[in-house]
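Note that the structure is predicted; figures quoted are calculated from it, not measured.
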Amino acid sequence: MGLLVQLQAPTFDSEQRLTDATVRFVRTANTPTESSFGGGRGNPIRHTGMVRTLFRPSDDSVIFPFLVPANAMLAVELRALADMLDKTGDTTIASRSRRLAEDITRGIYEFGTAEHPKYGHVFAYEVDGYGSRLLMDDANVPSLLALPYLGFVNATDPIYQNTRRKLLSPGNPWYFSNGTSGLLNGIGSPHTGFRKV
């Protein structure tokens, strides 16, 4: 739990001093997705309640360190952990798990959504807490498309439905379609490159 709380911390404190990085990852690579920005710390973040990460499930580095689908999955699993711990009588850690899940969920809805001019209110893929958002999805789990599968939202949720419409259309930069032939339709990934589903 302590590590998750550390991963919620902003990049800068109230005096604009750099805080201690909980995680860092740097390596020499021939593509920018194989290492992390900011000397291995990732791009700057503000506190949102979500937990930062440096990499996506595809193992590409994130652009904005709050990966919304991963945070959604974490919130679901923290709630399940709290329920399990309640049954064992460990109510202290159960309460901490539940509070952390609530913080993450609140952060997703407050900072991890955006108003799209065509699709309406949608979930973002990555955010930073400063207002920057990446609106896409990646063919992997956790993903935005998989939010109902993960148990974060119901498939009929209006924000999810708007997000789904965007993701399964040319509104998602990583959605590929071969037009009416139907030979190539689906979500790809920056990891695998263009026109690969």
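Residues Ile63 and Leu167 share a single hydrophobic cluster, defined by chaining ILVMFWY side chains whose heavy atoms lie under 4.5 Å apart. Transitive grouping of hydrophobic side chains (ILVMFWY, heavy atoms separated by less than 4.5 Å) brings Leu67 and Leu100 into a common cluster.
Residues Val51 and Asn71 approach most closely at N-OD1, 2.7 Å, considering heavy atoms. Heavy-atom minimum distance, Ser97 versus Leu85: OG-CD1, 4.3 Å. Residues Ala75 and Thr105 approach most closely at CB-OG1, 3.6 Å, considering heavy atoms. Here the closest heavy-atom approach between residue Phe66 and residue Gly129 is recorded as CD1-N, 4.2 Å.
Evaluation of the ring pair (Phe, Tyr, Trp, His ring centres under 6.0 Å) test over residues 72-106, restricted to residues two or more places apart or in two chains, returns none. Counting only residues at least two apart or on different chains, the salt bridge (charged side-chain N to carboxylate O under 4.0 Å, His left out) pairs with a member in residues 107-127 are Arg56-Glu126.
Taking the side-chain contact (heavy atoms from CB on, under 4.5 Å) definition, one finds that Thr156 meets it with Asn154, sequence neighbours left out. Contacts of Phe111 classified as side-chain contact (heavy atoms from CB on, under 4.5 Å), with partners at least two apart in sequence or in another chain: Thr48, Met50. Judged as a side chain to side chain donor-acceptor pair (under 3.5 Å), and not counting sequence neighbours, the contacts of Arg106 are Asp103. For Ser132, the side chain to side chain donor-acceptor pair (under 3.5 Å) criterion is met by Asp128, not counting sequence neighbours. Thr91 meets the side chain to side chain donor-acceptor pair (under 3.5 Å) test with no other residue; sequence neighbours excluded. Not counting sequence neighbours, the partners of Val153 by the side-chain contact (heavy atoms from CB on, under 4.5 Å) test are Tyr109, Phe123, Leu147, Pro148, Asp157, Tyr160. Residues that satisfy the side chain to side chain donor-acceptor pair (under 3.5 Å) test with Arg98, not counting sequence neighbours, are Asp83, Asp86.
At a threshold of 4.5 Å between non-hydrogen side-chain atoms, the residues Pro142 and Phe152 do not count as touching. At a threshold of 4.5 Å between non-hydrogen side-chain atoms, the residues Asn162 and Arg165 count as touching. Counting heavy atoms from C-beta outward, Val141 and Leu150 have side chains that approach closer than 4.5 Å. Residues Tyr125 and Leu135 have side chains not in contact (no heavy-atom distance under 4.5 Å, counting atoms from C-beta outward).
Separating the CG atom in Leu81 from the CZ atom in Arg96 is a distance of 11.0 Å, to the nearest 0.5 Å. Rounding to the nearest 0.5 Å places CE of Met136 at 9.5 Å from NZ of Lys166.
Checking side-chain atoms of Arg133 against main-chain N and O of Gly112 turns up no donor-acceptor pair under 3.5 Å. For Asp137 (side chain) and Leu144 (main-chain N/O), a donor-acceptor pair under 3.5 Å exists by modelled atom type.
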